[in-house]
Every structure is written in structure tokens, then in C-alpha cells.
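What follows is a set of notes on a single structure, which appears directly below.
So that the names make sense, note that chain A is the first sequence line, chain B the second, and so on, each numbered from 1.
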Amino acid sequence: MSTRPVSFTVNGRRHAIAAPAHRTLLEALRELGYVEVKCGCEKGDCGACAVLLDGKAVDSCLTLARQADGANVGTVRGLGAGGKDHPLQAAFMETGAVQCGFCIPGMIVAAKALLEEHPDPTDEEMRRGLSGNLCRCTGYTQIFAAIRRAAAVLRAEGGRP
Amino acid sequence: VTTLAERGSGTRNVPFRQIGLPLVRTDAPGKARGETRYAGDLVMPDMLHAVVVRADRPCARIVEVDARAARRSPGVASVLTAADLPDRLVVTDIPGQTGGKTRNTAQPILAKDRVRFHGEPVALVAAETLEEARDAADRVRVVYGPQPGVFTPEEALAPGAPEVEGEGNVVAAYKIRKGCVDAGFAEADVIVENTYRTQVQEQAFLEPEAGLAWVDDQGVVNIKVSTQVVEHFRAVADAVGLPHNRVHIQAMFVGGGFGGKEGMGIETMLALLALDTRRPVRLVLSREESFVNHGNRHPFTIHHRTGVKRDGRITAMQVRMTADSGAYSKLSPYVLLYATVGAPGPYRVDNLRVDSVVAATNNLPTCAFRGFGTMQACCAYEAQMDEIARVLGLEPLEVRRRNFIKTGDRNATGQVIQSAVWTERCATEALAALGPRTPDSGPVRIGRGLACYQQSYGRIRWFKDSSEAWVGVEIDGTVVVRCAVTDIGAGQSSSLAQIAAEVLGVPMERVTVYFGDAMLNPLAGTSSASRALYMSGNATKLAAEAVRRRLVERAARELGARPEEVDLGDSRAFVSEASGRGIPLDRLVKICAAEGIHRHELAIFRAPTSEGLDPETGQGEVFPDFTYGAHAAEVAVDSETGEVRVLKSVGAHDVGQAINLQAVKGQIEGSALMGQGFALSEVMLYDRGRVLTRSLSEYLVPTAEDVPEIRAIVLESRSGLGPFGAKGVGEPAFAPVAAAIANAVADAIGVRVFDLPITPEKVVRALRTASLRT
């Protein structure tokens, strides 16, 4: 099968791989060791594999590796800075938004993209922003609470989410 | 303030420092940072990738399995079919360490002469890459012949029906005979009779089944896997022909279980491939496979006939239950037993007759799922209570209040209820928390519903359940807990840390829990039956208290005080907060170490036992204890489209004692949405055994857009059998949710949908039928 060279950065680290045409970004990332990107369905139904592609949340199972050529890919592990948790990560652990945790890497990525667009999201915006990310444990109540808390922290810091 | 001494721990009279607080769970940071490794994330050098070949039809004779082409396929290291596994069966033993087999629970690892359900494993392939394994799997040729099947319990139980396993299709049947129903019905002013149906529900945990196995230099098969039950190592060993001490199962953090990772999963397949290839083998199921791999929830048909006085008092209750076990019985006998014992709910019924049966069919096997028969029973008895209220013109809570079982009463099987029963208080608080009623608007009608329940926690008494834990203090003053409990996401390991921290007077972050390893940890039993905290929490508490006693005794000598004057807190031993006389814990532990004083303890907690039920009357003690509570919901129903929207959802439960308040609320909130899915949208669809719903776009779990206003009310009677008076909550919180929502829909539209889930088309049909009648 024909492969083509693809290069992208993941959490700031540069990678050059040879990707067969059908290789998904999810497969490529997990093969590179970014196993925090979870595979829940391979069909774009659950959102567990969500990553940031140049700042936009995408399901990496529905994205071909070659579509990420030249892009900056971000995963949940790349969100913190300087040894500090990102406010979303801190809020997720503190509010009880984490139970089994399998949806969390995708959920936090989706929340990050949501807050980029809506720094102070309404209920409606939040629900829509997370509608592609399934959680079976929490009932989303504490996930919403965590995002609100993180949004307030980020607004108070005046920085980008 | 509750004190340790009041809780009967034998330790000093001090307020809780950590128990009951909403502390950050020990597992949360790793998960929020994306650092947690689940079973499917593991790799080893030289690792092979496995694929399961599954039957593409529910019922067939297997004429031939031709694996020759698959074996020649590039990269293939192993192809196994039933012919390669002579007489190998896997037995769904009562999971855990308690042993004891039930009838009819053996199942071939790979289908041999017959296929009994759609998706049944037929062959295993291991290859160098996943793609090569998939290619080879496609080359396994299975020749099928016709075989008649049965696809409903009614078909299965009909005379002359084809037998699913050749032993008759009755997997289990029970009866309860208590009092005299004939006399009870004679005494009744009104008799209400209805039939309720529940559907097959899929656990839909986010992490599909996954594991990695290898054979080590001692000949031990090591399996790291996503499971609720590491004690399956015995069944795996029996199935692959190894002694029990040569199968080492370790559960990683589990990405959701809900009962779906309680039965034997992929462990045996992994073990067989690792033994055959002598290389590490990884198997990660796709979502589509996951749908057919584990047992789903048993669908039930439940017929209620209830005699009541005009004031609502129940004089007699007669219940008939029929459930579908699918192919292979797995845990069906127990699910049916839970449903049977739970048939009358949290009500005292002196004249009770229950007849139940679970039948084998060629549908997907059903097995354990949160609520385990009891929630299906609740969907029926709570609908029936509302139907009784409607017939009598009484408030739903009023009818319930007349009948609630109380402490000291005998339940369905004659067991005397020992712990607190706060059902009425829970119901009242849940209803009050709904707040002002949302008004109807146009075609949108608002309704409210209530459901109460009784749900056991802890396993069946004649399983003689026990759990062990080891607690030790390191010489730097940190604490180690070792316990083979599996952590399936509800905070199982974190709660043990919190308990040890409380007893030993250290901050929770000074405790590390080593969990999930069936060989290196003391065995804990399953994370199922709402028992992990109850059983392992007690074992951890017992072990920590023994260590505490030794530390306190030695500290007393050091401080010139009596042991009963010494307390542990903030990593110190001290005489009193004010006196200033104390010693840091690490110094105290170093003294103990130097003097050879035991700094650790292995403790066992044994649950109360019984010898089973009288098979004729169904009388006896079945469960250790019960949790009680209520759920209330407000819904909006669009009477034109049939669409139901849940607006408010409130769970109020007496949890005995919350260990981690945040974790307890998490169980209640999560239950609210999972129960909503059961009530409104989730259903596994089959066409004569063929599974039609095999993706999360066809099987509809609630999403963020469906979330109502959810409230969790936590009440604490401190009367449970768990640590510090805790009761189980994981299943109890779920038990009443769907029933409450169904009652709310009936309240909104004035007519009941008797079979779940309540989809828009059923609402429209029910409204149309009702309007034709009037």
C-alpha cells in the first residue's frame, strides 16, 4: 500500500511519519505513544478520541493522518504549562467530573475548544459544544460545573483559555 | 458530630477528619492529565495483535471451520478454532473467591458444533500487525447449516420448542409463597392488574474490552485486562488447563463496567493465544464487537395483580416474571433471584406470591448490569403503585406511605430488615426538591413522577462473601493499602485511601492504594453488587485499626500517657490537641520498626451468611442488607410529536454514611442520566436474534444535550453494614430512575406506556389509543 510522508507537531513535539492513505490520525497518534487519545468507537460517535487540530476540536478517528500534515495537534497531555495543570484539568479533578476517566481526554479537549469560542458559555452553548462527547458515568453535571469553574478562572486570569 | 467510637471502631472519641468530605479522588489527577493507562494502552516488545472471528448469524449448525487460508495469511502467528481446543469450556462460576457452581453455566470458548447467538466467537487470530490479523480473520471460512432457534422466552418455553443448549430452555425458576394471597384478594376492595415490559439495555461503557497477555519465565500466564473481577483467574486456569497459581490477572483502571465487565470477558482468549504463541498478545475489541461480547441487561415481562383497600393498603400481591437469558445462562439465575426477591419493592406485603422464570433463547446472552434484576422489578412495581393511586384517586406518595416496609418488618423472603428505612423521608425530600411545577404550554404537557425502591448491597448470603485488605505504615509515615479490589471508576481505590487516612490520622495524599492484582494483593472479591466499598472498606478499616492500635500503644509509652488518651491526626500521635505532647508519625514508625513492632496488618471482613432459600416457599435470608431511597422527576411531553424531555431529576438516598461525598453524588447524578436513557431511548434491537444496534449512533445513550437539572440528596442514617455505617449506593441510586420518569410521563399525558423505553412513537400511539377510547 502506498504511503506518503506526513509531518505534524503534537503538543509542540515534531513528528515525521510515513502514513498509508487510510491511516487515521487516531491510529497514528496512538502508535506514536499518545495513548491518552482514546478509541471508543472509531466512528465519530463518542468523542473519546478528540484532539485539537490547529486549535479546533476534531474526532481523530474521522481524520486521516495525512489531513494533519503540517498541523499542530494538541492532546490533553499538552494543555498544562510549566508543570502546572491547565485550569480545565484542575477543575475536572476538583469538582468530581472524573469517574472512570475514559472520556476525559476527549472531553477536556472539547471543553478547551468550547472556551476558545465562548469564554463564558451559556448552558446551551456548553451542551452543544459537548454533544459529541459521551460520558456514561457522571451524568455531565460535574463536567458542566468544572467547565464553568475553569471558565471563571481563565476569565479572571485574562489569558487565553 | 459523629465519632469513631460511636461507630463502634473501638478507637478514640474524635470527630471524623476526612470521612464524608468531598475530597478529590486519588485517581482523578492522573485521569484529568491523560496519564492513566488503561488495558488497551499497554504494549510489550514482540507483541502480537489478536482478532476474534465471530458468527454472523444467531443460530446455526457449524458444518466446518476452515482455517487453512487464514493460517497461510501473511504475518499470522496463530489461528485457533474449536477443533484446536478439545473439550475446553469456560464456566461462569459465581464470580469471585467463593466457588460453588450452578447448573448449566459452561460455555464453549469458541463455538464448536453450534452457534447460539449472533457474534459468538468462532475462531481467534493473532498476527504481527492488527491489519494482518484482520486480513487473516477474513479468510477463516465458516460453513453453516440450518438450525431452528427461539427468539423470545414465550417461544423458548412453548412445548416442543427447539432447545438452545439441549437441557431444556428453563435456565432458572423461583417462587415465593408468603401468607395467603387468596385471603388477601378476598379482603381487597379493589384489584389492579397490569403487565409491564422492560427492554435489553447495553452498558455502553466508554472503554471497549481490552487486554494484554504474556507467558513469563515461570510459565505464568499474565493478563492485564479491563475487568471488574480479577478472581476469574481460576476460571481462566481451568479453561486453559493450568493450575490456579499460574494465571495472574491484573485489572487496570477500568473505563466503565456497570456489570458488563463482571462476567468472563476476553481473558481466556488472550491466555490461549499467549500460550499458543509464547509471545505477548493484545486484544482490543471494537465498539461493534463490544455490543455483542458481554451480556446485556435481561429484558423482563412482569405481571402484577395487587389487592388494595380503599385507603391504599395492599392486602395481596401476585407477581409473574419472565426474563430472557439469551444464549448461555451466565449469571441469569442470580439476576432472576434478585428480581424475584425484589418483586414487591420497598413495601410490606404479608400475602405475596411470586413466580418467576428465565429462559434461554438465541438472543445475545444477558448477564450483569447495574440494578441486576432489581431495577426491572422496580419499573414494574412502581408503575403499579401509580396505577393503584390513579384507580383509588389517591396521591402516589400516599399509597406508598401506607405500605412502606419499616425496620423490623419482614421482607418478601421473610428476612427481618435490620437497618434504617428512610424511604418516606427520601421520597418527601426528592419531591420537594422538584420545586415549583413548570406550567404546561400549548401541546407540551408537564408531568411529575416518583419512584421508591429497595436494593440490596453485598452479595447473596450463601456465597459466604469475604474481602481481605492489607494496610501498612512505611517508615517515612506514608501508608500502603494493598487490596485486589478492581477500580471501575466509582472511586473504589480512592475510598480505601480515605478510610485508611481517617483511621491512621494522615492526609489522604499520604496513602497509596495498590489495587486490582489477584496475585500480589489480598483478594477482595468483585466490584459488583454494590459491594466494593462495603466489603473492602470494612477490610481496610479493620486492618488500619489494628495498625492504629499498635501505633497508639507505642506512642502512649513514648508520651507517658494511657493508650486511650492518644489520638492520631495530621501525621502525628498526640495526647490532646491542647497539651502539645505528641510525636510525628514518621518518628513513631521508626521506633516501631527498630523494635520489631508489626507495622502492618492483613484483615478479612466476612459478610453475614445464610444457607439458602426454602425452594417451596422462597423464604430465607438472601442479602446482607438493603439501601432505600427515592427518585423524582419532572418531564415535558410534546403531545403532538411524542417527544419527552426530562426537566428535573432528583435522587434522594440514605447511603448510611458517605465516605466521599463527591463520589456518592457522582453515583446519583450518573444514575439519573443512565436511568433516563433506559426510560426513554436505549434499546437493543434484534431481528430474530440478529443484532441491529451495533453502534453508538443506533443505540442512543443520553448526551450532554439531554441532561436535565439533576440534584443529588444524600441522607445518612449511619445504619449500614459498611465502614462507618455506610450502605452501598452504586446500584441503589440507579434502581428507581427509569420508573420515576415513566411515572412522570404517565402523569403528563394521562395514559401509561407499559413497555420501555418510552419512545416518541409509543407516546403518540398511547395518546391516540386513549383518545379513541374516550
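- When the candidates A:M107, A:R30, A:E124 are compared by the number of heavy-atom contacts under 4.5 Å with chain B, A:R30 comes out ahead.
- Ring orientation note: the planes of B:F258 and B:F369 are tilted relative to one another, at an angle of 30° to 60°.
- Salt-bridge check for A:E117 with A:R128: failed, with every basic side-chain N at 4.0 Å or more from each acidic carboxylate O.
- Because its NZ or CZ atom is not both nearer than 6.0 Å to the ring centre of B:Y699 and within 45° of the ring axis, B:R287 does not count as a cation-pi partner of that residue.
- Each of A:A90, A:P105, A:S131 has some count of heavy-atom pairs under 4.5 Å with chain B, and the biggest count is that of A:S131.
- By number of non-hydrogen pairs under 4.5 angstrom with chain A, the leading residue of B:E682, B:K665, B:Q667, B:E288 is B:E682.
- Most heavy-atom pairs under 4.5 Å with chain A, from the set B:A32, B:P29, B:G256: that is B:A32.
- Considering only heavy-atom pairs separated by less than 4.5 Å from chain B, the leading option among A:L130, A:T95, A:N133 is A:T95.
- Contact of B:Q662 with chain A is made through the side chain alone, with heavy-atom distances under 4.5 Å.
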With salt bridge (Lys or Arg N to Asp or Glu O under 4.0 Å) as the test, would you mind laying out the steps for A:K56 and A:E116 before giving the verdict?
CA-CA 9 Å; A:K56 291 258 181 293; A:E116 290 274 1; over 6 Å; no
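- Both the backbone and the side chain of B:L206 come within less than 4.5 Å of a heavy atom in chain A.
- Contacts between A:L134 and chain B at a heavy-atom distance below 4.5 Å involve backbone atoms as well as side-chain atoms.
- With respect to chain A, the highest number of heavy-atom pairs below 4.5 Å among B:A204, B:G40, B:S649 belongs to B:A204.
- With a 4.5 angstrom heavy-atom cutoff, B:S697 touches chain A via backbone and side-chain atoms both.
- Of the atoms belonging to A:Y34, not a single heavy atom falls under 4.5 Å from chain B.
- A salt bridge links A:E31 to A:R23: one of the charged nitrogens lies within less than 4.0 Å of a carboxylate oxygen.
- Annotation: cation-pi geometry not satisfied between A:K38 and B:Y38 (NZ/CZ under 6.0 angstrom from ring centroid, within 45° of ring axis).
- Using a 4.5 Å cut-off between heavy atoms, B:V254 contacts chain A through its backbone alone, with no side-chain atom that close.
- Classification of A:D123 and A:R148 as a salt-bridged pair holds, one side-chain N sitting under 4.0 Å from a carboxylate O.
- Under 4.0 Å is where a charged nitrogen must lie from a carboxylate oxygen, and between A:D59 and A:K43 no such pair does.
- Between B:E698 and B:R694 there is no salt bridge, since no side-chain nitrogen of the basic residue lies less than 4.0 Å from a carboxylate oxygen of the acidic one.
- Taking the ring centroids of A:F92 and A:H86, they lie at or beyond the 6.0 Å cut-off.
- Using a 4.5 Å cut-off between heavy atoms, A:T138 contacts chain B through its backbone alone, with no side-chain atom that close.
- For the options B:N660, B:V707, B:L673, heavy-atom pairs under 4.5 Å to chain A are most numerous at B:V707.
- Both the backbone and the side chain of B:L696 come within less than 4.5 Å of a heavy atom in chain A.
- Between chain B and the options A:Q99, A:Q142, A:Q89, heavy-atom pairs under 4.5 Å are most frequent for A:Q99.
- Ring pair B:F678/B:F734 is perpendicular by interplanar angle, where above 60° counts as perpendicular and below 30° as parallel.
- With chain B as partner, the option from A:G129, A:C41, A:A97 having the largest number of non-hydrogen pairs under 4.5 angstrom is A:C41.
- Heavy atoms of B:P22 lying under 4.5 Å from chain A are absent altogether.
- No other option in A:E94, A:R136, A:E42 has as many heavy-atom pairs under 4.5 Å with chain B as A:R136.
- Ring-plane geometry between B:H653 and B:H631 is classed as tilted, the angle between the planes lying from 30 to 60 degrees on a 0 to 90 degree scale.
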